[in-house]
2 protein chains.
Amino acid sequence: MALTEPKARVAVFKALAHPTRLEIIQILSQGTRCVSEIEKSVGGDMSTVSKHLSLMRKAGLIGSKKGGLHMNYEIACGCLDGFLRCVDSLAGNRVLDDQLCC
Amino acid sequence: MALTEPKARVAVFKALAHPTRLEIIQILSQGTRCVSEIEKSVGGDMSTVSKHLSLMRKAGLIGSKKGGLHMNYEIACGCLDGFLRCVDSLAGNRVLDDQLCC
DNA sequence: CATTTGTTAGGCAAAATTGCCATGTAGTTT
DNA sequence: AAACTACATGGCAATTTTGCCTAACAAATG
């Protein structure tokens with residue numbers, strides 16, 4: 001199995017390895033949202049939110065489309081959902097050493 | 001969809017967001033390995049490798065079993081593979097904004 | 001043109017991560 | 001028990017990340 005760019009892989013995981021960004025993913029999983037909507041949900045400065053979004057877009061996690069005055073973001077990957085369920089099962093298992101998740 | 005512990009989720013992604021640790025996952029995907037075997041493959045100090053392994057074990061990504069003098073590590077999750085394939089498709093798509101991955 | 005919405009860059013302090021070194025520990029061998 | 005092997009752990013300095021702030025800028029709208 002040939003590795004894709006290791007840096008690109010790492011970038012994807014780094015993009016996901018942050019509570020606020022995971023919260024944004026959670027919000028976007030319910031549908032397309034613009035920056036100010038996201039800002040209201042997660043709090044904090046808009047420039048900070050915009051940076052989070054930019055980072056995730058560069059990693060390939062989300063996509064953006066301009067709609068009038070707003071910039072609308074959406075999840076770029078349908079598999080992200082199963083992905084997160086897998087992570088949750090991992091996270092739940094983390095106490096037991098011998099037990100496997102799936 | 002109720003969130004599992006957000007911290008636990010973040011921990012999983014942080015554990016994956018490092019080139020050496022991804023390399024270790026790659027190695028372990030081929031079968032169980034002990035610390036010194038991993039050390040030979042990825043280089044660096046053994047204490048460093050041990051810390052990487054410990055971090056991934058706490059996150060739930062890998063499990064460990066003692067076998068005589070060695071500590072054997074193995075992937076704790078069969079879904080990690082499809083997981084990584086999904087990430088690769090994301091990583092490959094990251095230039096195009098409108099195109100979705102899967 | 002003025003306003004709204006968002007991006008980007010720079011600066012900066014606090015916090016987290018990383019990796020090596022030295023030391024500690026548990027199981028094995030002699 | 002002493003020595004050795006295979007790891008784990010704590011400490012520490014260097015690097016990176018994070019978040020807020022300020023400000024400049026672009027694009028769509030009224």
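Numbers restart at 1 for each chain; the letters A, B, ... are given by sequence-line order, proteins then strands. These numbers come from a predicted model, not from an experiment.
Scanning all heavy atoms of the two residues, the minimum distance from Arg33(A) to Glu37(A) falls at CA-OE1, 3.4 Å. Between Ser64(A) and Met71(A), the shortest heavy-atom contact is CB-SD, 4.1 Å. The two residues Arg9(B) and Asp88(A) have their closest heavy-atom pair at NE-OD1, 2.8 Å. Contact detail for Gly60(B) and Ala76(B): the closest heavy-atom pair is O-CB, 3.6 Å. Between Cys34(A) and Asn72(A), the shortest heavy-atom contact is CB-OD1, 3.6 Å.
Rounded to 10 degrees, the angle separating the terminal helix axes of the helix from dC1(C)-dG30(D) to dT30(C)-dA1(D), each built from five base pairs, is 30°.
Checking the phosphate oxygens (OP1, OP2) of dT17(C), no side-chain nitrogen or oxygen of His18(B) falls inside 4.0 Å. In this structure, Arg21(B) reaches the dT18(C) phosphate: one of its side-chain N or O atoms is under 4.0 Å from OP1 or OP2.
In this structure, Thr48(A) and Gly67(A) both approach DNA chain D, and ranking their closest nucleotides by distance from the 5' end singles out Thr48(A). Summary of the strand contacts: His70(A) and Thr20(B) both lie near DNA chain C, and taking for each the nucleotide with the nearest heavy atom, the more 5' one is attributed to His70(A).
Nucleotides of DNA chain D that come within less than 4.0 Å of any heavy atom of chain B span, from the 5' end to the 3' end, dT5(D) to dG11(D).
Each ring pair (Phe, Tyr, Trp, His ring centres under 6.0 Å) pair with one or both residues in residues 8-53 of chain B, not counting sequence neighbours, appears once here: His18(B)-His52(B).
Two residues are said to be in side-chain contact when any heavy atoms from C-beta on lie closer than 4.5 Å; Leu28(B) and Ile38(B) meet this criterion. Counting only heavy atoms from C-beta outward, the side chains of Leu61(A) and Arg57(A) never approach each other to under 4.5 Å. Using a 4.5 Å heavy-atom cutoff, the side chains of Met56(B) and Ile25(B) are in contact. Counting heavy atoms from C-beta outward, Lys14(B) and Lys14(A) have side chains that stay 4.5 Å or more apart.
Residues from residues 49-56 of chain B lying near DNA chain C, meaning a heavy-atom separation below 4.0 Å, are Lys51(B), His52(B) in numerical order. The stretch residues 36-45 of chain B comes close to DNA chain D through Ser36(B), each having a heavy atom under 4.0 Å from the strand.
Applying the side-chain contact (heavy atoms from CB on, under 4.5 Å) criterion to Ser41(B), with sequence neighbours excluded, gives Ile27(B). The side chain to side chain donor-acceptor pair (under 3.5 Å) test applied to Ser47(A) returns Asp45(A), not counting sequence neighbours. Among residues two or more places apart in sequence or in another chain, the ring-ring contact (aromatic ring centres under 6.0 Å, His included) test is passed with His70(B) by none. Residues passing the side-chain contact (heavy atoms from CB on, under 4.5 Å) test with Leu55(A), sequence neighbours excluded: Ala15(A), Arg21(A).
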Which pairs, protein N/O on one side and nucleotides 13-15 of chain C N/O on the other, fall under 3.5 Å?
none

Protein-nucleic acid N or O pairs under 3.5 Å, nucleotides 26-29 of chain C:
none

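Separation of atoms CD1 (Ile62(A)) and OH (Tyr73(A)) is listed at 6.0 Å; rounding is to 0.5 Å. In this structure, CD1 in Ile24(A) is found 5.0 Å from CG in Leu53(A), a value given to the nearest 0.5 Å.
Cluster annotation: Leu69(A) and Met46(A) are assigned to distinct hydrophobic clusters (Ile/Leu/Val/Met/Phe/Trp/Tyr, side-chain heavy-atom contacts under 4.5 Å, transitive).
Protein atom CE of Met46(A) is 16 Å distant from nucleotide atom P of dA9(C), rounded to whole Å.
Distance alone, capped at 3.5 Å, is enough to place a donor-acceptor pair between the Ser29(A) side chain and the Gln26(A) backbone.
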